[in-house]
Each structure stands twice: as C-alpha cells, then as structure tokens.
Amino acid sequence: FAGLFPERFRGGSSIEGGVLKDFGVCELGLLHGGLQHACMDESLMLPTILEAAMQQFPSVAFAVINSKADAEQIAVYRAFAQESLLPGGDLDADDFYEKLNKLLRSYNNHANFVSFLVAGGGHCFLSSAQLYETSPWGQNETLAGMAGVSKLQVRGMQPLVAWLGSLLLGPGDSVASQCYGDLLHEHAWQGLSYCDA
C-alpha cells in the first residue's frame with residue numbers, strides 16, 4: 001500500500017515522521033546520513049525513503065499495489081488528521097485517489113517503479129485468496145455475456161498474481177503498471193474511473 005498521511009507538519013516534524021520514529025525505523029540501521037538525521041527529528045517521509053532506495057538500486061523493480069479507494073488507508077488518514085487537528089478529517093475516496101496519483105506520479109519518475117491499481121476499496125491483496133482473484137477491475141471480474149473470458153484478456157492486462165511474477169525481470173524484460181480507466185491529465189481527474197496519463 002502507498003501509505004498516505006496528512007501532509008502538514010507540526011513544528012519541524014511530520015505526522016509521518018513521528019510514526020516512522022515510533023515504529024523504530026530510525027534504529028534499524030538501514031538509514032544513513034541525511035535520511036537518518038531526518039528520521040531522528042521526525043521529518044522523514046516514506047516517499048523520501050523509497051525514492052532514495054530506487055536511486056540506489058536502479059536494477060531492482062519497486063512496486064506499489066493499491067486500490068483506488070483503500071477504505072483502511074482513508075480511515076487511518078482521517079484519524080491522523082482529526083487527532084492532530086489538521087485538514088483531511090473528511091477525506092473521501094475521490095480525494096484519496098487524487099493524492100495517491102500525485103504520490104505515484106513522483107515515483108514514476110524512476111524507471112524501476114511500477115504500480116498496480118485495483119478498482120474498489122480493498123486493502124492488502126497479498127495475504128489472502130484475493131491475490132488470485134484480483135485484477136485492475138477488482139475481484140472476480142469477467143465480461144458480461146462472454147463466459148470464461150476475462151476482461152484482462154480483452155484489454156491486455158494481467159491478473160495481480162501474474163503481474164507479480166513479471167516483476168522478476170530478466171535481461172531485456174520489462175513490466176508495465178496496471179490501471180483500468182481512461183488516461184487523463186490532472187486537470188481532468190474526477191471520480192475513480194480514470195488513470196493518470
């Protein structure tokens with residue numbers, strides 16, 4: 001999951017930075033230099049960590065699997081915003097998806113990053129049978145009137161389990177992000193039925 005937090009800082013620290021420090025990330029020995037310092041003063045954010053790793057390991061594929069309206073992430077975002085008296089306590093699915101696309105857009109600047117976006121409000125698809133039933137359309141999606149023909153076969157997309165296998169790249173291989181919807185530029189984003197152009 002993407003891990004979205006309210007953006008505003010309290011003093012010099014961020015909500016996200018406080019969570020990372022409270023979870024013991026600063027003491028793991030994985031962060032060095034400026035990242036370690038930012039972690040200790042609670043200003044470090046997940047995107048900074050991930051983008052540093054993408055730059056440090058350009059031959060490794062990095063991926064995010066997320067639903068367009070992740071109900072659990074929306075609830076956590078709202079809770080942090082309300083507890084800290086910050087805007088965002090009324091975050092809805094459309095606003096969440098817009099914030100998610102903006103985050104993924106920054107990750108997409110790295111050639112070794114891909115994403116798999118799922119329609120709906122699910123959360124964490126890897127730990128259950130959902131892994132085998134999930135596609136960019138949601139779960140168990142087939143085309144009406146075409147028994148046994150998956151929407152994926154028609155549109156050239158992959159189910160999540162097959163897409164995960166494609167992340168193990170060999171020489172000359174590539175993997176593409178998966179999202180169902182019209183490709184739209186930011187000025188036209190509305191609702192949940194689009195993908196970032």
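Any value given below was found using the heavy atoms of this structure, including those in side chains, with hydrogens, waters and symmetry copies removed. For clarity, every value in this text was computed on a predicted model and none was experimentally measured.
Looking only at side-chain heavy atoms (C-beta outward), Leu167 and Val114 come within less than 4.5 Å of each other. When side chains are defined from C-beta on, Leu131 counts as touching Leu164, because their heavy atoms get closer than 4.5 Å. With a 4.5 Å cut-off on side-chain heavy atoms, Ser67 and Gln73 do not count as touching. For the pair Tyr77 and Asp70, the minimum side-chain heavy-atom distance is 4.5 Å or more. The shortest distance between side-chain heavy atoms of Ile65 and Thr134 does not fall below 4.5 Å. No side-chain heavy atom of Leu103 sits under 4.5 Å from any side-chain heavy atom of Leu46.
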Show me the donor-acceptor pairs within less than 3.5 Å that the side chains of residues 21-32 make with the rest of the protein, sequence neighbours left out.
residue, atom, partner, partner atom, Å
Lys21, NZ, Met40, O, 2.9

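Rounded to the nearest 0.5 Å, atoms SG (Cys39) and CG (Leu20) are 6.0 Å apart. Taking NE2 of His123 as the reference point, atom CD of Glu72 lies at 4.5 Å (rounded to 0.5 Å). Here the CG-OG distance, from Asn101 to Ser106, works out to 11.0 Å after rounding to the nearest 0.5 Å. We find the CH2-CD distance between Trp137 and Gln178 to be 8.0 Å, quoted to the nearest 0.5 Å. To the nearest 0.5 Å, the span separating OH on Tyr107 from CG on Leu50 amounts to 4.0 Å.
Gln190 meets the side chain to side chain donor-acceptor pair (under 3.5 Å) test with no other residue; sequence neighbours excluded.
Contact detail for Lys68 and Cys195: the closest heavy-atom pair is NZ-SG, 4.3 Å. When all heavy atoms of Gln82 and Gly89 are compared, the closest pair comes out as NE2-O, 3.0 Å. Taking every heavy atom of both residues into account, Pro136 and Gln158 meet most closely at CD-O, 3.7 Å.
Under a 3.5 Å cut-off, the side chain of Thr48 and the backbone N or O of Leu44 do not form any donor-acceptor pair. Judged purely by atom type and a 3.5 angstrom limit, Asp92 uses its side chain to pair as donor or acceptor with the backbone of Asp94. Within the 3.5 Å criterion, the main-chain N or O of Ser177 finds no donor-acceptor partner in the side chain of Trp163. Distance alone, capped at 3.5 Å, places no donor-acceptor pair between the Gln130 side chain and the Phe125 backbone. Looking only at distances, a side-chain donor or acceptor of Asn112 sits under 3.5 Å from a matching main-chain atom of Val60. Glu98 places no side-chain N or O within donor-acceptor distance of the main-chain N or O of Trp189, the cut-off being under 3.5 Å.
Residue pairs that meet the salt bridge (Lys or Arg N to Asp or Glu O under 4.0 Å) test with at least one member in residues 48-57, sequence neighbours left out, do not exist here.
No option in Leu192, Asp196, Leu104 other than Leu104 meets the side-chain contact (heavy atoms from CB on, under 4.5 Å) test with Leu117.
Residues Tyr194 and Tyr97 place their aromatic rings such that the two centres sit under 6.0 Å apart.
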Inset, instruction - Apply the test side-chain contact (heavy atoms from CB on, under 4.5 Å) to residues Phe116 and Val175: give CA-CA distance (whole Å), side-chain angles for both, the deciding distance (0.1 Å), then the verdict. - result: CA-CA 11 Å; Phe116 192 102; Val175 62; over 6 Å; no
